[in-house]
Amino acid sequence: MRRVKLERISALGRDPWGHRFDDHQPIHDVRALEPHVPPKDEAGHQPPGPVARIAGRVMLRRTAGKAIFLDLRDWTGKIQVFCGKSQVGDEHWALLQEMDLGDLLGIDGTLGYTKTGELTIFATKITFLGKSILPPPEKWHGLTDVEQRYRNRSVDLFSNQESMSAFLSRSRIIAAVRSTLGAKNFIEVETPTMQAIAGGAAARPFVTHHNTLDLELYLRIAPELYLKRLLVGGMERVFEIARVFRNEGISTRHNPEFTMMECYQAYGDYNSMMDLTESIFTAAIKAVDGQFVRPLNGRSVDFTPPWSRWTYSELFLEHVGCEIHDTVAVASKAFAKGFDTEGVAHDVLVSNLFEEYVEDALEGPVFVTDYPASLCPLTKRKTTDPAVAERFELFVQGMELANAYTELNDPILQESLFRNQLAGQKAEDSMAKMDHEFIDALKHAMPPAGGLGIGIDRMVMVLLDKPSIRDVILFPLLRPKGQDSASAEPLESENRPEPKSEFEGM
RNA sequence: GCCCCUUUAGCUCAAUUGGCAGAGCAGCUGACUCUUAAUCAGCGGGUUGAUGGUUCGAGUCCAUCAGGGGGCACCA
């Protein structure tokens, strides 16, 4: 039926798909013209107000004989449009008969009030900018099915304004992260997404293959080792907003590809990074709504800096109830909790107990500092206590939002720690390999440095109070919905002829 | 990978102990130049996720499979 209307619109000499539509105003700006709308005269008549030209999607329609009320929405807001037959003329009135919910229209008219006092554009001209030949979702409930919202994001965005506003906020948050770093003289760089050795974090990588080089490549699990090479090269402050890929489970807090901001500051340390983290969050909050006391999961979190800072061992003592170095007490606590303690290293038990007792109890925002050195091999130890690493993590309601270190720049120690780490790995994880080129780079001397990583998706979740990471990633990974499961034919890539490089030079 | 829940019209949802698959919105036809999820009258709309089983009879019970959600595990 909607397709029939396409032809009728063409028959009226109009293009249902529209063309360039210059000088239209964002609906938000049009609404801001309200003070310029002249008051009604004694007879209750509305003199014409400011001229307006908008483009938007028809969300709602109310017909009343020879008048039609439309609610038009663009990405800045919504406004009512009045179309009266005598006001728009027969030609445009005929066009309006072919209009459906979901269509994109351009409207020229003047601003004024209706009898009921609603700010309205009184249309004089209607332009089709895009005919929707699929019906939009139900006008009141919209798309509520979560699967549909993730799978069919186009429809979700135009029918659920809170979804649109979340992604607009995400964009502003990322812009705030960029400008904060830029203002502190960090430069933005791009490092390889495809890496021969996927290093810089403990995670399983995705594997891919380069045909011409016949090379196994991995999608990066972190940009870290490349950013540090830049420190060696003399780029003293670098950052990357990096998409990283980890071949692991999916949950409300994990998507296989996600966005991480990593930055490195030469001649700094983890304390510099704590201050920087507060600056970044402060700028991001100002970019969203400026409210430092924010709702989160039905509770409230106060982001007003400075945030509290506690050492790992202080928190361990407080929540677990024994000294971190008390081997016997730790083992008995772990055993009481039901952990397997047989032959498990003391530090592993400590780490498990910490995760079990402490992390969930951290309302935050709180910096947890000074981790046991054995848990973080890429970190410089404290000069006063070599068993403690200069590292912090930022927690909010038990969720880890940021992770920072005083980076290890001793290539000899780094290499031996790498070897120890690799020696302890299961065969399954043997993809991890020694990155000799990275070690060689360090041998040219990397400045002492602070390094910081912030999980952008989680940061957005927390600032916008979204319970699932899928609410802040436009296109989260979902299983492809097979039309019929038989179409999932086995890939015989081995036998397939090499595709010709049709995109050479692109 | 394991456990629980879920899948009915384009969308949002009903359907009693197993007994003719329904409503609202959207759509179509008509009325109405100030409506606010407009209203009023009429009409059309379905492989109940898929396959098999039990039964005189399955949306409902059973099995398998698929998608999705939540939790656990893996993982920062």
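So that the names make sense, note that chain A is the first sequence line, chain B the second, and so on, each numbered from 1.
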Sugar-phosphate only, base, or nothing, as touched by A:Asp71 at under 4.0 Å among non-hydrogen atoms: nothing

Phosphate OP1/OP2 of B:rA38 contacted by A:Arg62 side-chain N/O (<4.0 Å): yes

Same-atom distance (P) from B:rG68 to B:rA63, integer angstrom: 22 Å

Verdict with reasoning, A:Val330 to A:Val320, per side chain to side chain contact (heavy atoms under 4.5 Å, CB included): CA-CA 9 Å; A:Val330 165; A:Val320 182; over 6 Å; no

Sugar-phosphate, base or nothing in reach of A:Leu60, heavy atoms under 4.0 Å: sugar-phosphate

Neighbour count >12 (heavy atoms, 6.0 Å) for atom NZ, A:Lys5: yes

A:Ala67 side-chain proximity, nearest of B:rU12, B:rU33, B:rC34: B:rU33

Distance in angstrom units between A:Arg151 CZ and B:rC11 P, rounded: 13 Å

Rounded interatomic separation in angstrom, taking CG from A:Asp360 and P from B:rG71: 12 Å

Given B:rC74, B:rG67, B:rU12, the nucleotide with the shortest approach to the side chain of A:Glu248: B:rC74

Rounded distance (Å) that lies between atom C1' of B:rG10 and atom CG of A:Asp145: 13 Å

Per-nucleotide protein contact string for nucleotides 23-32 of chain B, where B marks a base within reach and S marks sugar-phosphate only (heavy atoms under 4.0 Å, - for neither): -BBSSS---B

Length of the CG-P vector between A:Leu134 and B:rC11, whole Å: 11 Å

Whole-Å C1' distance, B:rA14 and B:rG52: 28 Å

Ring-face cation of A:Arg57 near A:Phe158 (centre distance under 6.0 Å, axis angle within 45°): yes

Between B:rC40 and B:rG46 - P atom distance, rounded Å: 26 Å

Between B:rG18 and B:rC62 - P atom distance, rounded Å: 11 Å

Residue-phosphate contact under 4.0 Å: A:Thr114 side-chain N/O, B:rU35 OP1/OP2: no

Positive for side-chain hydrogen bond (donor to acceptor under 3.5 Å, both in side chains) with A:Arg391, one of A:Thr369, A:Asp370, A:Thr379, A:Asn403: A:Asn403

Taking distance alone, no hydrogens or angles, what donor-acceptor pairs closer than 3.5 Å link side-chain atoms of residues 120-127 of chain A to residues at least two apart or in another chain?
unit_1: A:Thr120; atom_1: OG1; unit_2: A:Gln80; atom_2: NE2; d: 3.0
unit_1: A:Thr120; atom_1: OG1; unit_2: A:Glu118; atom_2: O; d: 2.8
unit_1: A:Thr124; atom_1: OG1; unit_2: A:Asp108; atom_2: O; d: 3.1

From CG (A:Leu70) to CE (A:Met99), nearest 0.5 Å: 4.5 Å

Selection: residues 75-86 of chain A, any non-hydrogen atom under 4.0 Å of RNA chain B: A:Gln80, A:Phe82, A:Lys85, A:Ser86

Interatomic distance, A:Asn271 atom CG to A:Phe367 atom CZ [nearest 0.5 angstrom]: 10.0 Å

Sugar-phosphate, base or nothing in reach of A:Gly453, heavy atoms under 4.0 Å: nothing

Minimum heavy-atom distance between A:Glu34 and A:Tyr113, given as atom pair plus value: OE2-OH, 2.7 Å

Touch class at under 4.0 angstrom, heavy-atom based, for A:Arg3 against every strand present: nothing

Test item: side-chain donor near acceptor, A:Glu318 and A:Tyr357, under 3.5 Å: no

Euclidean distance, atom CG of residue A:Asp156 to atom C1' of B:rG10 [Å, nearest integer]: 17 Å

Members of residues 462-478 of chain A that approach RNA chain B, where some heavy atom sits under 4.0 Å away: A:Arg470, A:Leu478

Euclidean distance, atom CG of residue A:Asn255 to atom P of B:rC74 [Å, nearest integer]: 20 Å

Heavy-atom pair with the smallest gap, counting every atom of A:Ile54 and A:Gln25: CG2-O, 3.6 Å

Euclidean distance for C1', B:rC61 against B:rU54 (whole angstrom): 8 Å

Phosphate-side-chain proximity, A:Arg479 and B:rG68, N/O vs OP1/OP2 below 4.0 Å: yes

Candidate nucleotides B:rC11, B:rU33, B:rG69, ranked by approach to the side chain of A:Leu143 - the nearest: B:rC11

Nearest-nucleotide pick for A:Arg204, side chain only, options being B:rG68, B:rU33, B:rC74: B:rC74

Distance, rounded to the nearest Å, where A:Met59 contributes CE and B:rA38 contributes P: 12 Å

Nearest-Å distance for atom pair CD/C1', residues A:Glu147 and B:rU7: 9 Å

Ring geometry between A:Phe281 and A:Trp307 (parallel below 30°, tilted from 30 to 60°, perpendicular above 60°): perpendicular

Shortest non-hydrogen separation from A:Ala402 to A:Thr277 and the atoms involved: CB-CG2, 4.4 Å

Paired and unpaired positions of RNA chain B as dot-bracket, Watson-Crick or G-U wobble under 3.5 Å, | denoting a partner strand: (((((((..((((.....[..)))).(((((.......))))).....(((((..]....))))))))))))....

Whole-Å C1' distance, B:rA15 and B:rA21: 7 Å

Whether over 12 other heavy atoms sit under 6.0 Å from A:Arg243 CZ: no

Residue pair A:Met461, A:Asp471: steps toward the side chain to side chain contact (heavy atoms under 4.5 Å, CB included) verdict: CA-CA 8 Å; A:Met461 282 171 70; A:Asp471 294 325; over 6 Å; no

Within 6.0 Å of CH2 in A:Trp310, more than 12 heavy atoms from elsewhere: no

SB check A:Glu400 A:Arg253 (cutoff 4.0 Å): no

Side chain of A:His254 - closest among B:rU35, B:rC74, B:rC11: B:rC74

P spacing across the pair B:rC56 / B:rU47, given as an integer number of angstrom: 28 Å

Position toward the 5' end of RNA chain B (nearest nucleotide), A:Thr252 or A:Ala201: A:Thr252

Sequence neighbours excluded, every pair satisfying ring pair (Phe, Tyr, Trp, His ring centres under 6.0 Å) that has a member inside residues 134-154 of chain A: none

C1' spacing across the pair B:rU60 / B:rU48, given as an integer number of angstrom: 10 Å

